[in-house]
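Owing to the predicted nature of the structure, the values given are computational and were not obtained by experimental measurement.
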Amino acid sequence: MDIFANILIGLETAISPVNLLYCFIGVFLGTFFGVLPGIGSLAAISMILPVTFYLEPTTALVMLGGVYYGAEYGGSTASILLNLPGTPSNAVTCIDGYPMAQKGKAGLALFMTTISSYIGGTLGIIVLFVLSPIIVAWALAFGPAEYFAIMMLGLVAAATVTQESPAKGLAMVCLGLLLGCTGMDLETGVPRFEFDQIELYEGFSFITIAMGLFGVSEIIFSVKDSVGRAFNQAISFRSMLPSRDEWRRSINPMLRGAGVGSFFGALPGTGPSIATFVGYAIEKRVSNHPEEFGKGAIEGIMSPESANNAAVQTAFIPTLTLGIPGSASMAVMMGALLIHGIQPGPQLMGDRPDIFWGVAVSFWIGNIFLLVLNIPLIGLWVRILKIPYHLLYPAVIVLICVGVYSFRGSGFDIAMVLMFGVLGFILRSLRFEMAPLLIGFILGPMVEDNLRRAMLIFRGDFWAMAERPIAGSLLFLTALLLAYTAYQIFFPKPKSIEDGINQ
């Protein structure tokens with residue numbers, strides 16, 4: 001009954017005219033940026049973030065949430081039509097979505113991915129409603145020691161769970177921690193790593209890093225892959241309608257994908273990309289016709305897209321209830337909360353139920369908006385993909401620079417966003433992932449603050465802190481994960497028989 005009462009509180013907030021308007025704007029802009037190859041949800045959120053500074057906190061989060069899952073919705077469009085994933089989590093959709101388009105079934109693929117995204121998102125929201133109060137009740141027993149321990153676990157998980165190379169992941173987390181240490185120490189007032197630059201006394205701007213690493217670098221990286229791609233197939237409403245057999249083959253993959261996405265989305269450090277790959281692998285394994293996968297199997301797009309959008313919704317669970325961003329996009333959302341003076345964590349649900357439940361209910365409303373928007377606007381998204389890239393991307397760069405300048409009115413920030421854009425491009429070219437860096441930048445100051453407070457409470461005795469049941473268990477899990485990571489680094493699995501012989 002408490003859940004239904006909380007949903008009513010959230011519904012009252014979410015259906016206010018202002019929040020409905022900005023939810024609609026958010027999902028529309030998110031879908032637009034998601035359709036564009038290489039932009040993705042991270043760059044979209046980063047570009048829209050400065051606009052939300054002038055809004056109420058709840059309205060700002062409703063809009064940014066709409067941008068996030070709207071971009072994940074729209075990312076499948078370029079994957080199917082151009083074989084270019086709109087977001088990293090849509091990469092799996094290319095495997096069967098593009099072959100479907102080549103067979104003249106582009107309309108069907110776009111329609112069915114919209115349906116599966118809606119089903120996955122809806123089931124993910126139900127999991128969010130049910131699990132969040134349980135996690136909050138457990139997390140209210142946390143003190144500084146427990147927060148330090150769970151944040152350390154989140155950092156290590158973000159560095160190792162989703163990385164092809166765990167060593168690179170740990171290196172990126174450390175780089176993020178160093179960037180987070182820049183500026184005045186709040187305890188002592190001593191400037192750190194400011195290099196005699198007055199602009200760095202307040203530290204690096206979160207907007208600057210997010211827009212540079214995930215906006216500018218994504219654009220630079222994707223331009224070379226986008227040249228020459230075009231889609232000229234006509235799509236009619238009739239071509240979108242599935243047959244009875246296609247409906248039958250789609251139901252179970254949608255449900256299985258939603259279950260996989262809900263599970264992986266709620267785990268810090270995983271996110272929708274892992275969920276989509278796992279969902280696709282499971283679907284191929286249970287299929288009676290695995291030989292059809294990679295050649296246009298409808299199950300190959302239904303399960304990943306359902307998993308993707310379920311994971312997007314449940315990724316808010318650790319972010320809002322524990323203050324641990326589950327993915328890079330969640331790190332940006334958490335940064336938006338902090339900018340508006342709201343501390344995410346177990347106290348948020350009790351202190352500001354209107355924000356927590358209002359934002360959660362708005363996700364469901366936004367999913368309805370996306371279902372209503374995407375099907376009739378498929379023709380519009382197809383026409384947008386025909387815009388020459390040499391005209392499209394410079395306009396996006398200008399929008400990024402305007403957004404950065406509007407934050408503090410500083411030309412130094414524009415130079416920094418371009419510098420981080422080039423740095424992000426170089427790191428991505430060397431196969432480093434950006435998500436651990438951003439999560440390290442967000443969590444670093446909080447890890448430092450909670451460790452200091454815990455050391456004051458325990459009079460500098462770290463082992464006394466580790467003897468607390470919850471903190472000790474979390475630190476033990478962190479140590480196990482680090483040990484397993486070290487084993488992977490020093491004793492990697494041979495990629496082939498020939499590699500094994502050479503080792």
Heavy-atom neighbours of F28 CZ exceed 12 at 6.0 Å: no
Salt bridge E56-R352, side-chain N to carboxylate O under 4.0 Å: no
Closest approach of V67 to I45 (non-hydrogen atoms, all atoms of both residues): CG1-N, 3.9 Å
Exercise: do E72 and N308 side chains pair donor with acceptor under 3.5 Å: yes
Nearest-0.5 Å distance that lies between atom CG in L61 and atom CZ in F356: 11.5 Å
Main-chain N/O of L55 paired to T59 side chain as donor or acceptor, under 3.5 Å: no
T314 OG1 to F263 CZ distance, which is reported to the nearest 0.5 Å: 10.5 Å
S306 side-chain N/O to S303 backbone N/O, donor-acceptor pair under 3.5 Å: no
Within 6.0 angstrom of I198 CD1, more than 12 heavy atoms from elsewhere: no
Gap separating the CE atom of M152 from the CG atom of L451, nearest 0.5 angstrom: 9.0 Å
Minimum heavy-atom distance between I355 and P57, given as atom pair plus value: CD1-CB, 4.4 Å
Check: V130 and V127 side chains under 4.5 Å, non-hydrogen atoms: no
Close side-chain approach of W357 and T13, heavy atoms under 4.5 Å: no
CZ (F412) with more than 12 external heavy atoms under 6.0 Å: yes
Side chains of Y68 and F316 in contact at under 4.5 Å (non-hydrogen atoms): yes
Heavy-atom side-chain contact between N450 and M151 under 4.5 Å: yes
Any donor-acceptor N/O pair, R192 side chain to C181 backbone, under 3.5 Å: yes
Pair F204 and F441, ring centroids less than 6.0 Å apart: no
Atom of I457, atom of P144 and distance for their closest heavy-atom approach: CD1-CG, 3.8 Å
Under 3.5 Å donor-acceptor, S132 side chain and F129 backbone: no
Rounded distance (nearest 0.5 Å) linking atom CZ of F148 with atom CG of L153: 11.5 Å
More than 12 heavy atoms from other groups under 6.0 Å of OH on Y22: no
Check: L179 and L437 side chains under 4.5 Å, non-hydrogen atoms: yes
Check: L474 and I470 side chains under 4.5 Å, non-hydrogen atoms: yes
F24 side, atom CZ; S362 side, atom OG - distance, nearest 0.5 Å: 15.0 Å
Side-chain touch L320/L337, heavy atoms, less than 4.5 angstrom: yes
Among I48, T58, N19, side-chain contact (heavy atoms from CB on, under 4.5 Å) partner for M63: I48
Closest non-hydrogen atom pair between A60 and T52, with its separation: CB-CB, 3.6 Å
Reference residue V173; test side-chain contact (heavy atoms from CB on, under 4.5 Å); the match among L175, L170, L177: L177
Student check: side-chain heavy atoms of N367 and Y73 closer than 4.5 Å: yes
Minimum heavy-atom distance between Q313 and G121, given as atom pair plus value: CG-O, 3.5 Å
Closest approach of A14 to V361 (non-hydrogen atoms, all atoms of both residues): CB-CG1, 4.0 Å
Atom pair CZ (F363) and CG (N309), whose distance is rounded to the nearest 0.5 Å: 12.5 Å
